[in-house]
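As structure tokens, the structure follows; a few thoughts come after it.
Each ligand, and each atom within it, is numbered from 1 in the order the structure gives.
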Amino acid sequence: MIMVTGAHGQLASLTLDELNSRGAQAVGGSRTAGDGLRHLDFDDPGSLDFEGVSTLVLVSAGYAEDDRVITRHGAVVSAAVRDEVAHIVYTSLTGAGDHLGFALAHRATERLVKTSGLGWTILRNGLYAELFGALLAWSPGGLESAFGTGALAAVARADLAAAAAVVAAEPASHAGRTYELVGDPISADDIAGRLGVPHRTISLGEYRARLLSDNALLPFQPPMLVSTATGVRHGFLDGTSDDLATLVGRPLTDPLTIAADTAASTRAGQL
Ligand SMILES: NC(=O)c1ccc[n+]([C@@H]2O[C@H](COP(=O)([O-])OP(=O)(O)OC[C@H]3O[C@@H](n4cnc5c(N)ncnc54)[C@H](OP(=O)(O)O)[C@@H]3O)[C@@H](O)[C@H]2O)c1
């Protein structure tokens, strides 16, 4: 049986949909119990039960400081070893993202997975096109961001879910492999152009100041977001790879359309 963690999350739920459409026997794990879901909270090791699971799709549970994320992922790997899971598929971060503020937790988890003694596949996911679109801010004059003219090899979340399902359905064919799952590079100017509005670049200092004054953000988030902005702005996240199209066996979803649609959908809320 395949289990996908974070079942109420967007990537995991799309992955479960993909697996179900392929007729694979897959179950979701979630902090919130629901139809056909197993209760699974990485912060509560007692809840980690992988009995009967042969392939575990470990969807990263970020959104916390590194020590907390690495502890939660470590607890999952230990429980998978105990319960004799055969193969772990871990959704990591693209290699080009090594300098990003949240890279360490991914690389530490990759180490845990690779040294677990279990079969493994690492999916080094690129940044979502949905995320890129959502990180552009609306002003009365159009879009603003600290991305400058830099491009991001953005990828539709649904394509990453399709890749995860392909690998989870036949893990032996992907054992010991690390895939770089990125899309076509797009820039904030491209997104603004698609929407027919101007894009104004703000400095990294102004961006950081705006983030620091946003009470809705947790302390680790401003440095994480600024590292993403500087990475894109200075051309460190635009490298391409054929891995994703090869895995899913079809042309990729256009990331520009996804990013532009996401940016457009945030307009009413921000103006
Ligand atoms: N590549 C990118 O651009 C990008 C962007 C943002 C995040 N990420 C990473 O990729 C992951 C998946 O992305 P997404 O878009 O699906 O995020 P999402 O919609 O926010 O889903 C994240 C899910 O992680 C699960 N989770 C969180 N804390 C957990 C815990 N303590 N124990 C067990 N599960 C926990 C939750 O699932 P349940 O609600 O079912 O418990 C949550 O819904 C994120 O968690 C994050 O690590 C990647």
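Residue contacts with ligand 1 for Thr91 are absent, since no atom lies close enough (heavy atoms, distance under 4.0 Å).
Scanning the protein heavy atoms around atom 45 (O) of ligand 1, the nearest turns out to be Ser60 O, 2.6 Å. Scanning the protein for heavy atoms near atom 15 (O) of ligand 1, the closest one is Arg157 NE, 2.9 Å. In terms of protein heavy-atom proximity, atom 23 (C) of ligand 1 is nearest to Gly9 CA, 4.0 Å. Counting only heavy atoms of the protein, atom 8 (N) of ligand 1 lies nearest to Tyr128 OH, 4.0 Å. Protein heavy atom nearest atom 32 (N) of ligand 1, with residue, atom name and distance: Phe42 N, 2.8 Å.
Comparing heavy-atom distances from atom 36 (C) of ligand 1 across Arg31, Arg124, His8 singles out Arg31 as nearest.
Where the criterion is an N or O separation shorter than 3.5 Å, residue side chain and backbone included, Thr32 fails it with respect to ligand 1. In terms of N/O distances under 3.5 Å, ligand 1 is approached by Gln10. Not a single N or O atom of Leu127, backbone or side chain, sits closer than 3.5 Å to an N or O atom of ligand 1.
Ligand 1 lies less than 4.0 angstrom from a heavy atom belonging to Tyr63. In this structure, Gly126 has a heavy atom closer than 4.0 Å to ligand 1. Residue contact annotation: Asn125 has no non-hydrogen atom under 4.0 Å from ligand 1. Thr5 does not count as a contact of ligand 1, since none of its heavy atoms falls under 4.0 Å from the ligand.
Each of the atoms 33 (C) of ligand 1 lies under 4.0 Å from some heavy atom of Leu40. Each of the atoms 12 (C) of ligand 1 lies under 4.0 Å from some heavy atom of Val59. Applying the 4.0 Å criterion to heavy atoms of Leu11 picks out, from ligand 1, the atoms 14 (P), 16 (O). Residue Leu131 has at least one heavy-atom neighbour below 4.0 Å for each of these atoms of ligand 1: 3 (O).
Ring-centre distance between Phe220 and Phe102: not below the 6.0 Å cut-off. Taking the ring centroids of Tyr90 and His73, they lie under the 6.0 Å cut-off.
Contact detail for Leu19 and Ala168: the closest heavy-atom pair is CD2-CB, 4.3 Å.
Here Asp159 pairs with Arg250 in a salt bridge; the nearest charged N to carboxylate O distance falls below 4.0 Å. Using a 4.0 Å cut-off between charged nitrogen and carboxylate oxygen, Asp43 and Arg68 count as a salt-bridge pair. Salt bridge annotation for Arg22-Glu170: absent, with no cationic side-chain nitrogen under 4.0 angstrom from a carboxylate oxygen.
Annotation: side chain of Phe42 is in contact with side chain of Thr5 (closest heavy-atom distance under 4.5 Å). Side-chain contact between Ile122 and Arg177 is absent, with no heavy atoms from C-beta onward closer than 4.5 Å.
Between atom CG of residue Asp243 and atom CZ of residue Arg124 there is a gap of 11.0 Å, rounded to the nearest 0.5 Å.
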